[in-house]
Amino acid sequence: MNEHAPPADRSAGEEAMLAAALLAVDPHGLGGVWIEARRCAAVDQWLAAVQHLCSSLGPVRRVPLSIADSRLLGGLDLTGTLARGRPVAERGLLAEADGGVILISNVESARQLIVSAVCAALDTGHTVLERDGLNQIEDAHFGVIAINESGEACAPALRERIAILLHFDGAARLSSLEIDAAAVHRARAALPFVQVSPEIIEGLCTASFMLGAGSVRTEMLALRVARAAAALERRDDVSAADAALAVRLVIAPRATRLPSTEDEQQEQPEPPPPQDPQEDHDANSSEPIDQNELDEMLVAAALAALPPNVLEQLKHARNDGRRGAGTGRAGTKQKARLHGRRARSRRGDPRDGAPLDVLETIRAAAPWQKLRRLELLAAQGEAVQHGRPVEVRRQDFRVRTFKNYRETATIFAVDASGSSALHRLAEAKGAIELLLADCYSRRDHVALIAFRGKSAELVLPPTRSLARVKKALAALPGGGGTPLASAAHCAAALAEAARRKGQTPTVVFLTDGKANIDRNGVGSRERGEADALEAARAFKSTGLTALVIDTSPRPAPQSRRFAAEMDASYLPLPHANAHMLSEAVRAEVK
Amino acid sequence: MRYSFPFSAIVAQDQMKLALLVAAVDPSIGGVLVLGDRGTGKSTAVRALAALLPPMSVVDGCQFNADPAAPCSGGLNCEACAHRERAARSVSVPVVDLPLGATEDRVIGALNLERALVSGTKVFEAGLLARAHRGFLYIDEVNLLEDHLVDLLLDVAASGENVVERDGLSIRHPARFVLVGSGNPEEGELRPQLLDRFGLALDIETPQDLKTRVEIVRRRDAFERDAAAFVASWAEKEEETRQQIATARKHIAQIEVPDAALERASRLCMEAGSDGLRGELTLIRAARALASLERDPAVCDAHLRLMAPLVLRHRLRRNPLDDASSSARIDRALTDVFGSSGERHVI
């Protein structure tokens, strides 16, 4: 690696490799690396690089999604215990990974306990084992590589504790950066002695603050990345270039706003004095760093790292926003049902993640006791020293299943176009509020899509916070054309996403059906209606349940046709009162 | 040695620190609910507080955290407590985390697998609730907790006892702890019954002031570089706070609550429109704890004023779709009852 190249010369591919090296230098301090990508050659190449650089720390341990609690956190090794006749503990995977790195692929499908346990270990640096008669605290300092393949936001608690966020698109090419394992090893040794000046800390805080990059954790993680970068380059002091790298890797991906000029002026009341342009790039400068200049440089570094259509991206890149149209993941991966009320027990191996039902196991083993003792006697001869009171074999294991009430999600697609606004938007809003009361008692997730003008817009992603829905509804403006086709597509995509998460979605359209904007946002009555019907057919093929509430003053044939194509229930609003409305939705949801 | 970040070294977040101190002085207040963004130091503060409290005495080897002066009852078959010469051990106040994916077994306890399968005996193995007894139970993302766990916690919080009737076991053991919950209200709402169980509630947000953020990062960095030195530099302030809590706990029973204060508290709750009577009871308890902390002999208006927002914030919703934040109503009620904020009546 050319140590004197100014930072801006490094390509995205090189920075990704550098991230791998930084991870190897300080896995626990950084928290790890979060990757947004479909699994592809570039990701595999990157993982191989990490594997190589972390070779002295031990293998990168993969956390399988179906891992049992006791395997993850440690606990009683049942089979071993049964075999030996006394408790055999197994050390959990997290404790085994102490000092190294763990890998969670498909973090979007990871169940909550895995995420919580990993977050807790990242926070405290140890796992506490208090179960099955064992009571110990084990050191667990590790870094996490989390790969999110779904394109949607997930596991926000884990994402917040991980410093570096990388994004690989399909065509990424990784260069081979010449950092070898020996350099990483040296850096690890040098890390505790790296100094940081207060100006650097302030610069990082300013950059994070002005870009709205989240909580104070972001700055702290950025600081650790900067330290690791300095150690890697065998420097005792964190330089401005290291800070800029940290800003690009940690702060820029979390930006939620662009710094406004007023902000800048507030933070720097005196105009910055004219500076020598060479100072910025002199990585080894030992002259005192000017605060304002440093702040500016760091923010500029962040802005340079932001992708082109930044405003669009920032608008949709809120932590709870959808990013893609939910493409790709085929099939619903049913998460291991480990929560909810207990239901019956069935035969199975506790190692697959389901908890053992001891009573049933013992009951299953009971009838065989006499036979088994005879067997043992025959096999071992006269002396049966360690006769256990209950002879349990693998086929006796019974595991518990759980009955979980499936969560429901109700997606409202509200027509806020001019035709609707003129007549019934207020009434539609009122109708929705009544339905919200039902959603509250059902503990639904509620999402809000509004369509008017050129296209449909996701106003509120699925949330359980009904106060938020009400606020969003109240702020909904009206006017423009009716892009019904876009609304149907948008609602279908959102419902699919909800279904993948294991929820049961229902879509409720509130519209007068007078579509006059086609799929591409161009105004035309015939094409608008034709596209709307086509979208309805596509919706029908997904098999989602839907309800169309006709908000036109007189029931119009268009909305009836739309509902028919979609195979959805149809309810005209003029004839509906609150009671009928909630009954209709309730009937759909069941 | 594992060091905890010192309580006194936490930057800003004064409301949260006050609420935690008050809850620590009088656990019967019912715990603290902190609602707000991630990464605002909530769990750090809880751990710091627990580390600040004087160590407590437990029976050595007892899994129910029993006080040597009040050992486990016979029904629990606790070997450590049944032993004639049970030893006492000094431990720090426990802070138990309730992880988000916890199963019922881990929370309330279950049959000891090893003993059951290997020796065929039925022995109860304590869960998280037993380990939290006489300490703190910290629930992160409490608004995402599963319904059946919520039901469980409500029962235990109300009765102070954990009743286990499953797997052929029939056990009940004491489970009194300070419940501290945190969460982001944007992600989901807390059921009103669980909300009501929390004595105090407050909103917390990421500091928007640059200086504060810089100071937070600086202190945290110093702690991580050399925890021992950092803790030593704050040792004096920590000792002060520790003494303050210890004294407050000792004298709380002697704090006078004049009738006028009771009346004011009730009027306040009526004006604000809080549901039920828990609001008033908690307000009086909280005001008394605050008075004890500040070494005042009696509860006065100033204490009620300070505690009212913390106590009433989460008890005012009439209808599930109402906006949860009700500070305006509380302010109005305060002005009505106490006059404008400039006046201070000492009863």
Side-chain angles (χ1 to χ4, degrees), chain A residues 69 76 78 81-82 85-87 111-117 120 123 130-133 156-157 160 192 196 198 201-202 204-206 208-209 214-217 219-220 223 267 320 338-341 355-356 358-359 361-362 388-390 392 433 436-437 440 443 463-468 470-471, chain B residues 2 37-41 43 47 63 96-97 99-106 110-121 123 125-128 131 140-141 143-144 146-148 167-168 185-189 206-208 210 213-214 216-218 220-221 224-225 319-324:
Chain A
D69 289 0
L76 204 64
L78 271 177
T81 304
L82 287 175
R86 53 190 163 70
R111 61 178 200 273
Q112 197 56 57
L113 187 70
I114 299 181
V115 175
S116 303
D123 279 345
E130 290 177 7
R131 57 190 310 188
D132 303 330
E160 163 155 323
V196 153
I201 297 185
E202 198 172 319
L204 288 173
C205 291
T206 311
S208 166
F209 179 57
S215 74
V216 186
R217 254 199 203 110
E219 285 94 289
M220 291 202 257
L223 182 58
E267 296 308 329
D320 49 1
L338 292 180
H339 309 290
R341 301 200 187 270
L356 186 71
V358 179
L359 226 52
T361 306
I362 295 182
R388 291 191 284 266
V390 185
V392 180
E433 288 201 12
L436 283 183
Y440 175 77
R443 284 192 260 289
T463 174
R464 256 190 172 172
S465 171
L466 295 176
R468 253 180 114 187
K470 198 170 163 208
K471 249 192 276 189
Chain B
R2 270 170 241 277
D37 309 323
R38 280 196 195 90
T40 38
S43 76
R47 274 175 232 282
Q63 50 178 347
V96 173
D97 278 328
L100 197 51
T103 50
E104 258 182 42
D105 282 357
R106 282 192 72 196
L111 197 60
N112 186 322
L113 287 184
E114 173 233 325
R115 302 280 199 94
L117 287 179
V118 176
S119 9
T121 47
V123 175
E125 159 140 24
L128 295 174
R131 296 187 204 283
D140 200 11
E141 312 218 27
N143 47 347
L144 299 180
E146 289 171 10
D147 290 344
H148 64 286
D167 282 344
E186 304 245 302
E187 289 172 13
E189 271 153 11
T206 311
Q208 293 302 319
L210 189 62
R213 291 173 82 122
V214 171
I216 294 176
V217 176
R218 227 181 256 149
R220 186 77 210 184
D221 192 48
E224 282 168 15
R225 311 290 281 151
N319 138 0
L321 300 176
D322 256 352
D323 209 345

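Below, read A as the first sequence line, B as the second, and so on, with proteins coming before strands; counting in each chain starts at 1.
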What part of A157(A) lies closer than 4.5 angstrom to a heavy atom of chain B: side chain, backbone, both or neither?
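A157(A) touches chain B through backbone and side-chain heavy atoms alike.
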Side chain from CB out, backbone as N, CA, C, O: work out which of these in [X] comes under 4.5 Å of a heavy atom of chain A, or both, or neither.
{"X": "D97(B)", "answer": "neither"}
{"X": "R213(B)", "answer": "both"}
{"X": "Q63(B)", "answer": "neither"}

[Y] side chain reached by [X] side chain, heavy atoms, under 4.5 Å:
{"X": "S116(A)", "Y": "E141(B)", "value": "no"}
{"X": "C205(A)", "Y": "V214(B)", "value": "yes"}
{"X": "V217(B)", "Y": "L204(A)", "value": "no"}

With chain A, which of D140(B), V123(B), T206(B), D37(B) has the greatest number of heavy-atom pairs at distances under 4.5 Å?
T206(B)
Taking atom CG of D221(B) and atom CD of E219(A), what is their separation to the nearest 0.5 Å?
12.5 Å
Between CG on residue D123(A) and CZ on residue R47(B), distance to nearest 0.5 Å:
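One gets 7.0 Å once the value is rounded to the nearest 0.5 Å.
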